[in-house]
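Read through the structure below, which is laid out as C-alpha cells, and then see the notes.
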Amino acid sequence: MEATGVSLGKAALGGALGYATSKAAEEIALQLGVERDVNFIRDELQMMQSFLMTADEEQSQNKVLTTWVKQIGVLAYKVEDSLMDFGLHSEKRPFLGCIPRNPGDRRRIAKEVKELRAEVEDVSNRNLRYRLIKESSCSNPTAAEEQASIASVAMFGITEARFATFVHEKSSVVDLHQLINSNDVNLRVIAMWGTCGDIGKTSAIQEIYDDPKVLKRFGFHAWIRLMHPFNPQEFLRSLVRQFYENSHDEVGKPSFNPQEFLQSLERQFYENSYDYVGKPGKETSVGAVLAKMEKMDQSDLVHVFNALLCSNSYLVIINDLSTIEEWHCIKKYFPDNKKQSRIIVSTQQVEIACLCTEKPYQVSEFKQLSCDQTIYLFHKKNSVGQVNMGTVSVAMVDNNDEAKAATVEEKLKVNRASCSTEPISYRNKVATSETDTALPSDEIHEENPEPNIAGEDKICNSTARKKFDRSRTLALADELLCGRETEKFFLIKLVGQPDNKKCCTVISVWGMGGLGKTSLVRSIYRSQELGGWKRAWATALRPFKPEVLLRDLALQLQNTIQEDPAGATTGAQKKSISVMNLQELKEELARVLKMKRCLVVLDDILSTSEWELVKSCLYNAGRIIVTTRENSIAKHCSVEDKNRYHLGGLKKDAALDLLKKKVFKDNSEKTDLVPAMMEQARLILQKCDGLPLAISTIGGFLATKPKTAIEWKKMSDGINTELEINSELRTIKTILMRSYDGLPYRLKSAFLYLSIFQEDQRIRWGRLVRRWTAEGYSRDMHGMTAIELCRRYFDELLDRSMILPGEGTDRYSQKINSCQLHDMIREICISKAREENLVLTLEEGCCLSDTQGAIRHLVIGSNWKRDKDVLESKLDLSHVRSLTVFGEWRSFFISDNMRFVRVLDLEDTLGLRDHHLDQIGQLRHLKYLSLRGCCSILCLPNSFQNLRHLETLDVRGTHISDLPTTITNLRKLQHLRADGYWDRVKREDDIVDKHENYINRISTCQTCNVLLSRGHLFLRPQVLDAGLNRYDIFNLYRFQEMKLDGVVLPKGIGKLKALHALGVVDVSGRNGNATIKEFGELTQLRKLKVGGLSYRTINELWSAIAGHNQLQSLTVEIGDLHEEKNMLDGCLGEDLLPPSSLESLALHGRLVNVTKWIHKLQNLSKLVLTNSRLEQDDAIQALGVLPNIAVLRLHYDSFRGTQLHLQRSSFPSLMVLELRRLYKLQSVVFEEDTMPKLELLHIGVCEELKDICGLSALKSLKEIQLPKYGDSLYSKIFEAQREAVESQVAEHVRVNIID
C-alpha cells in the first residue's frame, strides 16, 4: 500500500521528466546556453523518481519524509511548467539566428533556469541533511509484513510472552546481561527479534557489547553483519581479523597475552599456508599476518579458526540473519568448548529466531520501545515449565517437531471445529494461528474501542490496532443479505449445476467493497441445499503466502472428511500437516480433494498471481468460489462468462427495508414512515446508492437517535462530514479505502482527478481520457497511443469498481462510454484530493482557510456566488493546470496569472459569449478546450492561432458552422469535434433564438423602423442580453443559420498531420472537394465523420481514405437522400474498398453493392445502417458471416424486405441487435444456432411487425426491449408484439417496455 503523496509525487515527476528528457527541451537548452543546468535538473529528478519508486507504506508514516515527498511534487510541477514556458520562445521566428528574439528574454530565462537549478539542488540536499533515503531504505517491515508476523507469532510463543509480561510488573522484563553472564558452561545462542524490524535492537546489543565487565569474561569477541548472498570465506576472515584487533584495549595494552595469540596465528599460518613463491613465510608482524590471512582459502581459514576457539571463550554478534540455510552454514563453525561462550543472533523473522535457539526454547519480552515496538529474546529454557528471573514470569515452548505439530494442530482444530457450517472462527483475542488475522473485504467491521485485557493496547503493534473485531459483526452479516434472495438462489443453482467435465468449476463473485460479497457467499457455503459437499473456507492474508492458505484448507478438509469412516486418516497423517512444506501440502491437499466432493471458498483474492499460486493444487475440487473486487481477476479465475457473477447494489425497495430494519429493529415491518421522514430516507439512500455496508452502518447510527424527520435531515445534509468525524460511521470509509489503497500510483492520480466533476454527473469517457492526456497522465508508448493507454486506465478503474458504468449505459455493448462515481467513493476521492491540495472546488460553503500553496486544478461550481475578490486576492492561481466551470461564466475567471492552464473545460457553461474567447487565446499552454454546449458561441477568434499546443478542440453544441483559416496553424491538434444543425439541442440561453425573437417582434413595423432598431441594438447590446457587447452583435448580424450536416473546414486542413479524430465535417458546399482530397494527407486518423456527400464526391472520399490503415471508426452520410444517384457504395468493389482496419462503421444512405465489399471488413465489430434501403435477403446474410460483429443497428428504412430471416450459424459474435423504424418489416425469424451470443434484442417502432419467431433459439438472450404503446395508434400492434415475445422466452429473459 502506497501513500497518496508518494503516488502523486511519482505522477508529477513523470510529467516533469517527460519534458526534461525530450528533444525539445534539449534543443531549447542548447540554444539558450543552459544545457548543463537543464541536464543537472533532469538527473536530479531521475534520482528523486528512483527513490519514490521504492517508497512504501512505512515511509509514508514518516512525517519528515512525507513533507519532503510533497516538496518533490511541488518542485516537479514547477520544473515542468518552467521548461514548457521556455519552450514557447522556441516557437518565435528567429531573429539573426537567436532564440528568443528579445535578448532581455534570453537573460531572464537563463536566470530562471539557474534559480530552478538552485531550488532542485536545495530539495536534493534536504534529503542528505535529514538522511531520508537512508532511513527509508532500511529493512523496516511494511504493515503487510507485520500482519503476516502477527498471524504466525502464536506458533513461536509470542502470544504467551506478551501475556506473561502483562501479568507481572513492567520492571520484570528479562535482562540480557543475565542471559550472557549466566554460569552455564555450555555454548548458548540467544536470538533477538522485534515487531518493527531492526529498530532498537542494534543499540540494545551495542550496550552489552561495549560493557567492559561483559567483555572481560570472553577471550575473543566479534560483531558480524552478514552480507547477502552469504559468503562463508569472508565471514571467517572477518571473524579472525576482529579477534586479533579486539584483543587489545583502546590504550594499546593487551587485555590478554597478544604475543601468545600472534604466535598461535603464525604457527597456524606457517603450517597451513605458503607465500606466492611457495616458500613458508617467516615474518611475524601484524601486517604480514593479516596479509597472509587474506590469501588463505576457506579450508585453511576453518583450520585456523577452530584452533583459536578450542581453548578460548568467545562472544559473537551475528546481525541480519535472514535464512535458516545461512544459520546451518554458520553454526558448524562454532564448537561448544564448554567455556561459557555466547552467540547473539539478530533477525527480522520470528521463525528464524526460534530455529536458531536450542530446543526446547522460551520467549521473553526484552524491551518495549513503544506501544507497537517490542523486542523479544529466544533462548534455552530451564528444566522447569516456568523460570523466574528475579520476578520475571516467562512462557516456555517445547519446539520439537512432534510437540510443535500437536500444539499448532490443536489451535487450528479449535478454530475450525465447526468449519462445515461456519467458515471462520470469530474471537476477541490476539491472533493465535496463521488464519486468525484473515479479514474479508466485504463484511461490516467495527473497530474495537477497548482492549480485551489491560495493557494489550500497549503491546499490540500498528497493524493489530487497525484490525476490526469480526465477532462484533457476525450478527450484522445476515443483514447484508437483505434483498439478496435472487442472488443467493442464482449462485446456489450455479454451484449445484451438473458438470460433466473432470476439472473443477470456478465461480467468481466480484464487485466493489461493502456490497456483501463475503456475506452472500457465506450464506451459500452454509446452505443445506448444497447437500453432501465437504467444505473449506480460506481468506487470503497479506502478504499472500500460499503455504498458509493451503495448510488452512488441508486442515479444514481433514476435519470434515475424517468424520466419514471411509475418509478417516490416521493421527500421524493428521498431525503432519502442521509441519509440511509447500510441496507436501500440495500433495496432501490433492489426496484429500480426491476422496470426496468438495466446495472450496477463496475469499478476497486481490491479484491474478495469488490465484496462479494455488489453482494447480485445487484441481480436484468439485467447486471453487472466489470473491474479489476486480472484474479482471474474476475473468482470470472463471474463463466462462456464465461462471462470473457481478454483485450490484441493492434495489430501492430492498435498500429501504434494510434501513428500516436497522433503525426500528423488530418493529420494522409495522413501521410506516411519514412523508417527511420518507423523503429524508430517500435522500440518505440516494447517497448510499445501494451499498449495504453504508445503509446498515448509517441505519445503526440512526437507531440511537430520535426517530424524527429533523434528525434524519441532519444526517442527509451532513453525511459527508459524518463520514470523516463520526467514529461509528468511519467503518464505511475504512472498508472502501482498501480499494483506493490497492490502486497503483498511475491509477491513484487518475482517480483523484475525478473529484473535479460534480456529484452524480455522468462523465463521458472521451472527455475524461482526453483531459487525462492533456494533463500528462499518459503519453504515447511503443505500439500504443496516449488515448489508448488512458482507455486502459478507464477500463481498469471499472474493473476495480472504483468507477461505475454511467446511468443509461448500454451494458451489452463491448465498450462502456461513460462512468459515474458512487457517492461514498466520491467522498474518498474528494478528501484525498483536498489533502494533497490537488483540487480546489469553489462552491457554496467551501472553506478557503485550509488552502495553502499553489492550486493545481480549480473548479468553479454552479452554486458559487462568483466572488471576484476571492479569485484575485485570496488564491494562488500561478500554477493552475486546469479550470473547469459549471454554471454561469464570468470574464474574471481567467486572469493573467493563469499562464500554465492546460485544460479549459467550459462544457454547458452559461453566459459565454464570443468576445470572451479572446481571453482564451492568450492561454498559450492550453492543450484541451471544450466549448461543447455553449450555444451562444458563433465563431472562433483569430487569437486561437496562439494555441499552438492545443490537442483537443470540442465545439459541438455551438453555432459554429465554419472554422477560421488560423485553425490550420494548430499543428499539434489531435481531436477536432463538431456537429451539424440537426444534432444541436435548443437551450434557453441560445442567443440566436433571442435575436430572432427580438427581430420578429419588430418585423410587423416598417422597414425603416427595423433598421433603426438594429442600429439601436448595435449601440446598446444589453437590450438583447446583459452579457453581450458590440462584437457579439456584429457576429449576430453576419450570422446565417445553415442546415449543414457538420462544420465547414478551411483549405489547408491537410497540414494537421497529428489529427486522430475529426468530425462531423460537411463537404456539401465551400471547400468541399478540396477538403476531401486533403483527407488523404491525414494518415493518423482513427475516427472520421463526414456529411453532406453526394454522387459527385463519394468516390473521391473512398479513394482518399482507402490507404488509412489506422482508421478504426468511420461515419459517412449522404446529404440529399431523395436523389436517386446518391449511393454510398456504388463505386466499392474489388478495386476500391474501405480501410480493412475499420472496427466501427455507420452508413447513412442508400447501399447497392454490400455483398461485394462488406466481407473484407473482418475487424468490424459495430455496424449502424440508416436509410440503406436493403431489399435483398442476401445482403443480410452477407453481414451474418462477419466474424467479429457484436453490435448491429438497423435504423430508419435500412431494410425494406417484409421478412428478416436470420439463418443458422449466422452472426457468431453478435451481442446487440436493434431493429427500429423498419416500416415494411412484417416478420422476424431466428433459426436454431443463430446468434449464439446475442444478449439484447431491441425492437423499436416497426408498425407492420406482427410475427417474431424462434426466440427460444437465442440461448444467451438476457433482455428484450419493446416500444411503449400507451395511447398511440399502434398500441394494439405493440401489445401483440409483447404477448408474442413473452410467450416464447425463458423466465430469466427480461422484457422491458421503453420510450
Side-chain angles (χ1 to χ4, degrees), residues 157 161 164-165 168-194 200-224 239 242-243 245-250 253-257 261 308-319 321 330-331 333-347 353-354 356-369 374-384 386-397:
T165 303
H168 295 273
E169 297 295 328
K170 184 67 181 176
S171 59
S172 65
V173 293
V174 70
D175 189 353
L176 184 58
H177 282 80
Q178 288 181 297
L179 295 177
I180 293 176
N181 296 330
S182 66
N183 294 325
D184 191 345
V185 298
N186 295 314
L187 169 65
R188 290 291 175 240
V189 178
I190 304 164
M192 183 178 288
W193 171 80
K201 291 193 295 183
T202 302
S203 58
I205 298 174
Q206 188 74 47
E207 183 180 347
I208 301 295
Y209 194 75
D210 291 343
D211 189 342
K213 294 181 180 179
V214 173
L215 298 182
K216 188 176 181 180
R217 295 175 54 91
F218 302 100
F220 297 130
H221 62 277
W223 186 315
I224 302 293
L239 278 174
Q242 289 190 59
F243 283 169
E245 292 172 350
N246 294 335
S247 64
H248 291 73
D249 61 20
E250 58 186 13
K253 296 181 180 180
S255 56
F256 70 104
N257 192 334
F261 175 79
L308 292 174
L309 295 188
C310 282
S311 56
N312 290 282
S313 62
Y314 52 89
L315 172 64
V316 175
I317 313 296
I318 300 175
N319 195 12
L321 181 65
I330 290 170
K331 69 178 181 179
Y333 297 136
F334 294 96
D336 186 0
N337 52 15
K338 306 297 183 180
K339 293 185 177 294
Q340 300 181 343
S341 298
R342 301 289 183 262
I343 299 175
I344 300 178
V345 175
S346 175
T347 180
C354 80
C356 292
T357 310
E358 298 94 333
K359 308 300 184 294
Y361 70 87
Q362 66 189 38
V363 185
S364 307
E365 181 180 329
F366 169 57
K367 183 179 291 187
Q368 185 174 325
L369 305 176
T374 306
I375 299 176
Y376 294 93
L377 296 179
F378 293 68
H379 51 94
K380 181 76 166 63
K381 77 170 184 179
N382 288 358
S383 56
V384 294
Q386 281 196 322
V387 60
N388 266 330
M389 295 182 178
T391 59
V392 184
S393 178
V394 186
M396 307 300 173
V397 181

Inset, instruction - For F218, check ring-ring contact (aromatic ring centres under 6.0 Å, His included) against everything at least two apart and list the hits. - result: none
Legend entry - Pairwise distance OG(S346) to NZ(K201) - rounded to 0.5 angstrom: 3.5 Å
Inset, instruction - Sequence neighbours left out, what passes side chain to side chain donor-acceptor pair (under 3.5 Å) with N183? Give chain and number order. - result: none
Inset, instruction - Would you indicate whether the side-chain heavy atoms of V363 and L377 approach each other to under 4.5 Å? - result: no
Legend entry - Output field: ring centroids Y314/F220 closer than 6.0 Å: no
Legend entry - Heavy-atom pair of closest approach, residues K359 and C354: NZ-O, 3.2 Å
Inset, instruction - Taking the side chain as every heavy atom from C-beta outward, state whether S313 and R217 have any pair of such atoms under 4.5 Å apart. - result: no
Legend entry - CD1-CH2 distance between I375 and W193, expressed to the nearest 0.5 angstrom: 11.0 Å
Legend entry - side-chain contact (heavy atoms from CB on, under 4.5 Å) between Y376 and F366, worked out: CA-CA 5 Å; Y376 294 93; F366 169 57; over 6 Å; no
Inset, instruction - Not counting sequence neighbours, which residues clear salt bridge (charged side-chain N to carboxylate O under 4.0 Å, His left out) with K338? List them please. - result: D336
Legend entry - Spacing of CD1 belonging to I318 relative to CG belonging to L321, to within rounding of 0.5 Å: 7.0 Å
Legend entry - 4.5 Å side-chain heavy-atom contact, K380 and Y361: no
Inset, instruction - Apply side-chain contact (heavy atoms from CB on, under 4.5 Å) to L215 and list each qualifying residue two or more places apart in sequence or on a separate chain. - result: H221, L315
Inset, instruction - Find the distance between OG1 (T374) and CD (E365) and round it off to the nearest 0.5 Å. - result: 5.0 Å
Inset, instruction - Give a yes or no on whether the backbone of A353 and the side-chain of T357 come within a donor-acceptor separation of less than 3.5 Å. - result: yes
Legend entry - Pairwise side-chain contact, I205 with I344, heavy-atom cut-off 4.5 Å (strictly under): yes
Inset, instruction - Using the test side chain to side chain donor-acceptor pair (under 3.5 Å), find all partners of E207 that sit at least two apart in sequence or belong to another chain. - result: none
Inset, instruction - Under the side-chain contact (heavy atoms from CB on, under 4.5 Å) rule, collect the residues that match up with D184, sequence neighbours excluded. - result: S182, N186, R188, R342
Inset, instruction - Quick one: pull up NE2 in H379 and CD in Q178 and give me the separation to the nearest 0.5 Å. - result: 10.0 Å
Legend entry - Sub-4.5 Å side-chain heavy-atom contact between V185 and K339: no
Inset, instruction - Measure the CG-CG distance between N337 and L187 for me, rounded to the nearest 0.5 Å. - result: 7.5 Å
Legend entry - Within-4.5 Å side-chain heavy-atom neighbours: I343 and V345: yes
Legend entry - Listed partners of D211 passing salt bridge (charged side-chain N to carboxylate O under 4.0 Å, His left out), at least two apart: none
Inset, instruction - With the side chain counted from C-beta on, respond yes when Q206 and W223 share a heavy-atom pair under 4.5 Å apart, and no when they do not. - result: yes
Inset, instruction - Decide yes or no for I180 and I190: does some side-chain heavy atom of the first lie under 4.5 Å from some side-chain heavy atom of the second? - result: yes
Inset, instruction - Can you sort out the partners of S203 under side-chain contact (heavy atoms from CB on, under 4.5 Å), two or more places apart, ordered by chain and number? - result: none
